[in-house]
Structure formats: structure tokens, C-alpha cells
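In what follows, a structure is listed as C-alpha cells, so that the remarks can point back to it.
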Amino acid sequence: MSKKNVPAIHVQQPSISGNPAGGTSPPRPPTKQVPATSPRAAATVGMVDNLAASRVNYGTSASHATVQAELAERVEFNDRSIFEQLEIDKVDPRIVQECSKTLQMKSEADIAFLKDLVRGADKVDPKVLEYEAIAEQGHPDPKDMAPEDRKSSREKKMYDPLERIFGHIQAASLANSNASVEKPESEGFNRVFRRQSAALTPDQDHTLGFPHFIPDFTLIRKANWDRKEVRTRWRDRDGFIEVKPSARQHPYPAKEGDPARPLLTQTANYARLHLSARPFCAFSVSIMIFGNDFCVCIFDRTGGRVSPKFNMWADLDTFIRVIWSMTRRLTDVQLGRDPSVSPAPPDLQSSWDHPAWIINPVGSDPRRWCTVGAPIWSSLSLFGRGTFVWYVREFSPTGELSGPVMILKSAWRSSQRDPESSIYQTVRGSHPGLAKFVVGADVVPFPGSLEKVTTHYLRQHPFKSDDKTKVLHRIVIGTTGKPIWMYDTEEQLIDGLISALEAHKFLWDQKILHRDISAGNVLLSHYPEEVGAVGFITDLDLARMEPDAELKSTETVHATSEYGRYPQRLQGPMTRTRIRFGTQRGDVITGTLQFMSRHLLEAIIYQETTVSTAADDVESFFWVLVYAIFRKLLAAPTDDIEKKQVLTHFRNTFGRTSVPEILAARGAAFHDGIFKQATYCEMVSYPLRQLLLEYRIILSGLVPTIPLSRRAGGTGSYGGSASTGGRIIDEASVAGSARYNRFFSHEGMIELLKETRLDLQMHPEGGEGGVKA
């Protein structure tokens, strides 16, 4: 794997949903057509957002396979700068010398045991070792195995002696010498590596399932370990260790271009969960132990870095420095927390079940913000945008919360793409179906800093203007909402989609194409009367603007002079607006695979140059509709057999993680899958069933959108042309294409939705069915 030519990748979008108290509304303070098209280069799956594996649980193998694909070309090996970042050279050498001496004496038996176990494991083929746990369980299906059963007995035998060795290093001090003991800056830095015996979970499941894995050891505050509720929470972990019994199970590839080895893939999988569930986590630090050897690994939103390997016993001093630094010396920021965020004062911490955080001012806006409750959303993907979404309120200088509840979103953008805040500021006018933009800017590590928080900054690497990097971007949105699938009535669902579609057309008329319509970006307003729309769209991070669009950004700059102080009248901040014509255009297909149009999915498979248009986004709205209906059905009170059938069809349609599987699932859905279930399910009203049937006929009548004669290049479109590589398209297929172009236009879909709404109004009880809230 190489650190060069890292391809772009985009992740799933935030779902502005949920409630810290468990309801569907945010905590509220007390009352006081120009068809612009975009040619795209041939795409690969790695370029496109992938709804993270195991979001709908498909087991460990599927999850690891997806992560393994993401790792291609994204990992740097033998990177010694990791040790500089962890500041292991700043550990007092007297502590290292004393610890090394006492460890070899007091842990002699443990070290001997581990060496003997490793000698035996090194004689076994690594592939056999990887499946040893499965063999010990009687060869079950891996996805059916409990997390604790995925560890082999050989590996488990290493845990106790290693934990005793970690404990000896963590407790090391100079107490027995005349020198003063080096103490951490705060008692809070007193961490320990503890064996993890239970699966770690997030504070809130963002969709149908969060993968349940058990790292071998996790890093946690010593004071927290005895609290029962902390032992299974990812958010309280500052790092982790993964152990393998043989040195032959190392993470290093035999040659460049080889797929990621199992240990690296497993560690990366844990890192993505750590990044997702630890609040404001910018990078994840871990240790890999394989046989007698070890290395340190750091994953951020650009990729992974792996240190050179060392022998725990021959290089004992280095091993001690790493363990001691991570447990006793490093701050939360040095172990990955966003430097622009800090814990809220104690009086605010007791207000909610989840810790509160204070966020530094966003851009030139002087306001600070405080999170309210648990995160609404966090990305489960390893690389890409790493989106975190929270409810927030303004944090006043007096330490109190004020103003209405808003939404704060943090995400990592490519330095070669326009910031989302700039796109919002470019929109002319306003629309009630578009999330209200309040403020946004790239994040700086501390107020007044001239440097942005980038992955280069986190890695302590120098940054040049032409370097590619990820930049942490933050915006505040004034519109709050709940997931589209949490509708109270089917009429609310339809009205919400109409509002969102009208807002999408509003942007499209300004040559702005969203390009990431999914169930997480189409929301129902908590306060539709105030907003003026039942639903709205959010997240313009992947939106495309045409080259002749004006890109605006406003910033506040402070007067400075190298010739002394300015006159008083000139010392205040000045605001300037920069306008540039033309935009930084993305060069890959973007979006969430499970909601992507058939046209774009086929372009990815066949690596075609293609164009993305409004029709692609409108088709995505349709899949959002299907997704919402079936998520609602899953929450409805039904018998177990029917719910199991619904869940099976739902997983088959929206739980796939590869483009071929998604396209195959779409085909199955038209015949005996999710469409058949929805069409005849008594819990869905007759008008809504008719709407799904109408679209089922349109979609199932389409021919492949990219003709065979153009599989090697060219531009595809729905229905292709009259001749497709020797195949004759009959008149019915051409007619089907015309129907597609009609009903997957803004006007066509809005018209059908309004007709359905009228039918629902004529049948206020839901027609012949309908899920009741």
C-alpha cells in the first residue's frame, strides 16, 4: 500500500434525528430550469460513499471485507513520526530504566510463558490461526458467532500475562529513588489498559445496528474502570490493543499493492467504530501485538499510519515508553480529541446523560456552542467526511445556555473541494424546504490561530498549498428535524417529500445539484408551522455548482499593522466578502450507494464516463420513500413472522454494501422482494401502494442505461439509443424510458405525490391500510 495517489471517498450523510430524552423532537429552550450536467471520469467503488458494512448486521466477515477494500492505497508503513506524535522521547529515562529492571524480574514468568506460546504459534500457518476460533467452535457460520467466541483459546491465553505487564508499566514511577516522581499534568491522565470482555457499543444506534466487536484491550481512565456502565461504552475509550499469537500474523504487506492483511483490517475496523462513537474524535491510536513483536497504528480521516515493528523484549525500552506515554502522559487531544472542543463545566455535565462539550467559535462568529445530549449522528465509515451531528445551544460568556436549539455538524472535507458553508452562502434567496444556514467555516485549533485543523496538522506534517489533505469543517443549521421514516401519518410523509423536492428544484434552478439525496438528508421538520415546510433537505457538502456559478464566502478579519497600532476607529473587525467565478468541481460520482440511481450504479460497475443530472437525485428521492415506508413498518406492532419478512426484504434492498449486490437487489425487489411486500402489505394504505406500484412498473420496464457498445467509454443515459451493440430496443422499452424521464423529473414526481396526498385525504383512515403512529 502506498501513501501516494490516495483516491477520494465520501461517507454517508448525517441524519438530523433523535432526541437526548429519547423522543423525536429536540430539547427546546423555555419561552423567553437549466439542465446543468456534469461529466464525470470513470468511477470505482472506492470513490463512492458506502453505507458502512454491518449497519444492517451482516456479520464480521462482511464488515472486515468492506474495510479491507477501503484500506487500498491509504496506509503508510514504517512511519517513525508516530513516535514523535506520541512524544515517547519525553518519557523520563529514569522511569524507563527503573521499570525495565523491575519488569524483567517481577514478570519473568509471564515473559517466559508468552515466549513459549509464541514459539508454538509461529509453527502454525497464519491462515490456520485466523480460523482457529471457528474450528474450536465446531465450524459455525462466522456471522452467527458471538463476539467473545471469535477469539481463539491460544490468543486468550496471552491476555492475563499481558495485562499484568501493562499494569506494571502503568504504575511505574521514581518513588523508590531520590528523584521526584514525574506526574501527569492532571490526575485524569492516569489511564490503564484493561482486558475487554464485553462488546463495546455506542450511545445510540444510528440505524438498525452498530457492529458489536471486542478489542482485546482498551485504554480507559483508571477512575472510570470500576463504573459498570462505562465498561461497554466506546465513548470512554482513548485507544485499544489487538493481539495475535504469532509474529507471522503481522500487518505488513509482502509487496506494495497487496490487500490489507487480517490484523490491519481488524484494527482498522475497530478504529472506525472508535472514531464513530468517541465524541469529537479526530484520530484513533492503537497498538498491534503479534507474537513477540508490536507496532503502533494511527487512523485518521485520510488514512492509516503504521510504525516500524519492534520486539517487546529486545526493545523493551521502546515498549515501556509507548505504554507509559499513552497511559500516564498524553492528553485527550494528543490521543485524538478535536483540539477545538473541550469538556463543559461540571454544572452543565449533570444536565444530560451524555457529557456536554463546548465548541469554540465557528469562523468569525464570536459565539461558542454547547452540545445538548448525545450526538444525533456520527459516521460509521472509516475514511471520508467523518460526519458528527449534535444539538447545540449558544454558550454565553457567563457560562449559561441561551437561544434556540440548533444543529451543529462537523465533517472533514477535501482541500480540493469547496466548503459546504460557501455553497450555502451562494444560494440566492431562501426556501422553507432547505435547511437554514446560520454560520460555517473551517475549524482552527484555537481562537485566533492562522492554521486550520487538517490531517496534516494532526500528523504534525508541514503543509504546502498544493498538498491534498482533509480539512475539518463546521456549520450551524437553524432548522431541526427528525428522520423521514418517523412520520406520524402517511400524509406527513408525502408532504415532507414534496417540500424537499421543491427545495431541490429551487437549488437546481440555480445550477446547484445536491448529489447526495438519501434517507439521512431528507428530514421532517420538528416545527413545520414555524418553518413553513413539512420536510426539508440538508447537507450540501457534496453539492455540485456549475463553473459559471458565483461562489461567495464571508469572513471577519482584524486590522493589524506592522507599523504600530491603528487609530481607534480602525481597530474593530472588518468584514469582507470574496466572490470567485467558477468552483472546485468534484471529479468522482458521489452519493450514498443504497439510494443512488441505477444510471450511476451502472456507470460505477462499468467504469463509464457519465453525467449526473437532476433525474439521478429525483430517483434517489424515490428510494428514500421506499426506505422510509419499510423503516416505519419495522417499528409497527406486527406479528414476528411478518416483521421478519419485512426485515429480510429491507436488508436485501438497503443492507448491501457493493454496487453489484445493490443492483441485483434492485432487480429482485421488482419481482418478489420489497415491492411485492409493500404492494400487498395491509399496513400500507391503498394510495401509497398504488404509488409504489406505479414506480415499480416504470423502473422494471427500463433497459440497461449504458449500451453494450459503449461499455468501454462514452456517456450513458436511460433507455440508451435505438441500437445498443446489436440489441434491438422495442418500442415498449423506449416508451418506458420516456415514462422514466417524466416521472423522475421534479414536476413529474411532485405531481404523483400530490395525487397520492389527495387520495389519502379522501381516505383519512389510511384507505385499506396504513401504519398508524
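With sequence neighbours left out, the side-chain hydrogen bond (donor to acceptor under 3.5 Å, both in side chains) criterion links Ser342 to no other residue. Partners of His168 by ring-ring contact (aromatic ring centres under 6.0 Å, His included), not counting sequence neighbours: none found. Considering only residues two or more places apart in sequence or on other chains, Asp160 meets the side-chain hydrogen bond (donor to acceptor under 3.5 Å, both in side chains) condition with none of them. For Phe166, the ring-ring contact (aromatic ring centres under 6.0 Å, His included) partners two or more places apart in sequence, or in a different chain, are Phe193, Phe217. Under the rule for a ring-ring contact (aromatic ring centres under 6.0 Å, His included), Phe283 has no partner lying at least two apart in sequence or in another chain. Not a single salt bridge (charged side-chain N to carboxylate O under 4.0 Å, His left out) links Glu163 to another residue, sequence neighbours left out. Under the side-chain hydrogen bond (donor to acceptor under 3.5 Å, both in side chains) criterion, Arg321 pairs with no residue at all, not counting sequence neighbours. Under the rule for a side-chain hydrogen bond (donor to acceptor under 3.5 Å, both in side chains), Gln170 has no partner lying at least two apart in sequence or in another chain. Shown here are the salt bridge (charged side-chain N to carboxylate O under 4.0 Å, His left out) partners of Arg154, two or more places apart in sequence or in another chain: Glu132. Take Asp125 and apply the salt bridge (charged side-chain N to carboxylate O under 4.0 Å, His left out) test, not counting sequence neighbours, and it matches no residue. Remark: Asp315 pairs with no residue by the salt bridge (charged side-chain N to carboxylate O under 4.0 Å, His left out) rule, at least two apart or across chains.
Note: Phe77 and Tyr252 have tilted aromatic rings, judged against thresholds of 30 and 60 degrees for the angle between ring planes. Using the six-membered ring where Trp is involved, Trp313 and Phe319 have ring planes that are perpendicular, over 60° apart on the 30 and 60° scheme.
Taking 4.0 Å as the cut-off between side-chain N and carboxylate O, Lys151 and Glu242 count as a salt-bridged pair. Checked for salt-bridge contact, Asp216 and Arg195 miss the test: no charged N lies under 4.0 Å from a carboxylate O. With respect to Arg119 and Asp122, no salt bridge is recorded, no charged nitrogen being found less than 4.0 Å from a carboxylate O.
Residues Thr455 and Asp300 have side chains that never bring a donor and an acceptor to within less than 3.5 angstrom of each other. No hydrogens or angles considered: nothing links the side chains of Gln334 and Gln85 as a donor-acceptor pair under 3.5 Å. For the residue pair Thr102 / Glu98, no side-chain donor-acceptor distance below 3.5 Å is found, with atom types taken as modelled. Looking at Thr469 and Ser415, their side chains never bring a donor and an acceptor atom within 3.5 Å of each other. A donor and an acceptor atom, one from each side chain of Gln196 and Thr218, are located under 3.5 Å apart.
Closest non-hydrogen pair, Trp390 versus Gly373, comes out as CZ3-O, 3.5 Å.
The salt bridge (charged side-chain N to carboxylate O under 4.0 Å, His left out) analysis of residues 77-88, with sequence neighbours excluded, yields the pairs Asp79-Arg305, Glu87-Lys90, Glu87-Arg329.
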